[in-house]
Amino acid sequence: NSMKNAPSKWCYVHILHGGGKVKAVSPCSTSFCSRMWEFAAVITGRWPEGDESIQDRTDEWVKLTTERLIPYAAGIYSTDLGPGDHTLRHLAYEQVNLMHLAELKRKHDPQMILRHSCPLTDHCVISSTNSAGDPIGQSRGAVVIVCGRRHSGKDWLGNMIQTQLKSLLGEHAKTRVNLVSISEGTKLAYAKEVGIDGNVLLSSRKHKEQHRAGILRFYERKKMLDPAFDRKCFVEAIQTHTNDGILILTGLRDGVEYARLLSGRPVLFVLVKADDHSKMRRGWNGFVKGIDDSNGESLDHRIRPDLVYQNNCDSTAAKASSWVVNDLAPAIVKCWIREIINVPTQDIVYKDIIGGLLVQPLGMALVSSLITSHLVRNLSNATIHAVLAPEALGFVLAGPISSSLCLPLLLARKTEPLFGAFYKISSDGSNMSNLTKTSNDDSNQQVFFLQSGCIVPGQRILVVDDCIATGATLKALVRLVSDQGGTVIKLVTLMEMVHAELMGRQVALESEIDVFSLASFEGL
């Protein structure tokens, strides 16, 4: 059928006989693991040059023919795969091989020179054709790049970010939050060349200002001798700290154009700003031609920062710490939530927590710490008696929070309990169930069950869930709690979907429930 429907006479399937000695090698001994075959089918599509209509049909023909042969195939030859073949890569490599090759790819080709070869790793934003992709292939950790003009306080803010993130993450994660100056190596090389103490140059602001022009000339000379010098410095800093944690990077002069591409993990740009008066209080002596108009001093005109910190004279350690907790840390959490386009339907961007945030080693630790610290700060005068979580991701998020607050954990299940009395509530389906509902689906109901007697009349309840969108789940939980004499006073979610058709926050307001969400996303 494929040959009959070929878009041109130059399309063909070439059958090659083989499968002899190739079977004698173990599949995991080399990266080529598809060895148990007798024939190789080479699918080739060709078209006349300049005929775009036939070219498009030929592309579709190759894809369709491949899909038809896959059920009969022992594997796929990886050399013939391109960057769009995410779903086929698992047929080209055994899972163990794929994990090993993905790590080698990140290590030896961080600049993605071989970007048109078989895809070994996922990107943060992936297409629906990659929805079956293994999250093991995605990158771990995050990079926070702190940049700004001289005397704006970049190094000070970098230290504040590291200190506060370590405080949030606790003892077990302190070694995974690293602060690195990308320019440190260049400054030490300059110090060696001119014969001064490199440690003094790094630690003394006065020395650094005295040698700033010389350091800049040294850096420009290095770039002239090696056009990729700045990229190599960036990649070295990234590769030296591949511990799946959070890397805070300062001293970036060039590279804003490629930083996100070469990092291999989510990147957040933080721009530090300060007025002239504040900079002068820190030792700035006014505009110096050749320094303040250099490329490295004009980053604020060349980037679109994810966050801005205003570091004027009124900035304090307390203010910076509060900014990390309320702005930067939630932004890190948000960038760890994978976005998958056209899932579950066309033009919808699915927010993947299971394959995104939860596979990050610091993901749950940071989320639970941020939510717990918010509750401690904002509910000091209000008593919470229990934490209630709906199935399923609510269970995951609520456990650490109830443990930190030393409160009972109540589970609203979607299946009937095996024993004992229970309360049952039916409600409208969630936002996701609405999006996946078919035209033949007359009913879109969800049912929650809560064990009888787990709430004492008069108790105040905190609800923890992964997302608030339509408010349907919240409505059901409020009824479950009120049926047992309790009151829901606050809802905490990982994310909130913001759209004119979604009335989740309005539902909460009507029930006089305070809402706190770590991240918000526009759309359905």
Side-chain angles (χ1 to χ4, degrees), residues 353-354 358 364 367-368 371-372 374-375 378-379 382-434 436-437 441 443-497 502-518:
I353 297 173
I354 296 175
L358 296 186
M364 278 301 297
V367 167
S368 58
I371 292 177
T372 301
H374 166 81
L375 293 172
N378 293 276
L379 292 176
T383 301
I384 295 177
H385 298 101
V387 177
L388 173 63
E391 191 173 351
L393 281 173
F395 289 5
V396 177
L397 297 170
I401 294 168
S402 68
S403 177
S404 297
L405 298 175
C406 296
L407 292 174
L409 176 60
L410 316 179
L411 303 180
R413 303 181 60 187
K414 293 181 180 179
T415 55
E416 186 173 320
L418 295 175
F419 60 89
F422 56 85
Y423 285 81
K424 172 184 175 182
I425 289 291
S426 297
S427 71
D428 295 334
S430 65
N431 181 49
M432 189 52 58
S433 60
N434 287 333
T436 55
K437 183 175 68 172
D441 235 346
S443 174
N444 184 32
Q445 294 282 303
Q446 60 180 350
V447 181
F448 287 105
F449 300 86
L450 186 62
Q451 206 77 39
S452 177
C454 63
I455 296 176
V456 177
Q459 283 190 329
R460 297 153 64 89
I461 307 300
L462 165 70
V463 173
V464 177
D465 200 2
D466 63 320
C467 180
I468 179 172
T470 63
T473 299
L474 179 60
K475 278 184 179 179
L477 298 181
V478 168
R479 290 168 58 194
L480 273 179
V481 171
S482 63
D483 284 351
Q484 295 199 43
T487 304
V488 176
I489 65 166
K490 191 174 183 72
L491 168 68
V492 169
T493 66
L494 175 59
M495 59 185 182
E496 177 180 1
M497 303 305 298
L502 303 177
M503 305 300 292
R505 186 167 284 268
Q506 184 63 31
V507 169
L509 289 174
E510 290 172 357
S511 300
E512 298 183 348
I513 298 172
D514 184 41
V515 178
F516 171 71
S517 299
L518 276 180

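Positions are given from 1, in the same order as the sequence printed here. Only this structure's heavy atoms are used, side chains among them; waters, hydrogens and symmetry mates stay out.
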Taking all atoms of both residues into account, what is the closest heavy-atom pair of [X] and [Y], and its distance?
X      : Y      : answer
Met495 : Thr493 : O-OG1, 3.2 Å
Ile401 : Val464 : CD1-CG1, 4.0 Å
Ala389 : Phe395 : O-CE1, 3.3 Å
Ala472 : Ser427 : O-OG, 3.9 Å
Phe448 : Ala476 : CD1-CB, 3.8 Å
Val488 : Ile513 : O-CG1, 3.4 Å

Query raised in the report: Does some side-chain heavy atom of Leu358 sit less than 4.5 Å from a side-chain heavy atom of Met364?
Result: yes
Query raised in the report: Under 4.5 Å between any side-chain heavy atoms of Ile354 and Leu393, yes or no?
Result: yes
Requested in this report: Test Leu502 against every option in Ile468, Thr470, Val507 by the side-chain contact (heavy atoms from CB on, under 4.5 Å) rule and name the one that passes.
Outcome: Thr470
Query raised in the report: Taking the inter-plane angle between the rings of His374 and Phe516 on a 0 to 90° scale, is it parallel (under 30°), tilted (30 to 60°) or perpendicular (over 60°)?
Result: parallel
Query - Residue pairs passing the salt bridge (charged side-chain N to carboxylate O under 4.0 Å, His left out) test where at least one lies in residues 383-412, sequence neighbours excluded - result: none
Starting at [atom1] of [X], measure out to [atom2] of [Y] and round the result to the nearest 0.5 Å.
X      : Y      : atom1 : atom2 : result
Leu491 : Asp465 : CG    : CG    : 7.0 Å
Ser402 : Leu388 : OG    : CG    : 11.0 Å
Phe422 : Cys454 : CZ    : SG    : 13.0 Å
Leu450 : Asp483 : CG    : CG    : 9.5 Å

Query raised in the report: Under the salt bridge (charged side-chain N to carboxylate O under 4.0 Å, His left out) test, which residues partner Arg413, sequence neighbours left out?
Result: none
Requested in this report: Kindly write out the residues that satisfy salt bridge (charged side-chain N to carboxylate O under 4.0 Å, His left out) with Lys490, not counting sequence neighbours, or none if the list is empty.
Outcome: Asp514
Report task. Verify, without hydrogens or angle tests, whether Ser404 (side chain) and Pro400 (backbone) share a donor-acceptor contact under 3.5 angstrom. Result -> yes
Query raised in the report: Counting distance only, does the side-chain N/O of Gln484 pair as donor-acceptor with the main-chain N or O of Gln451 below 3.5 Å?
Result: yes
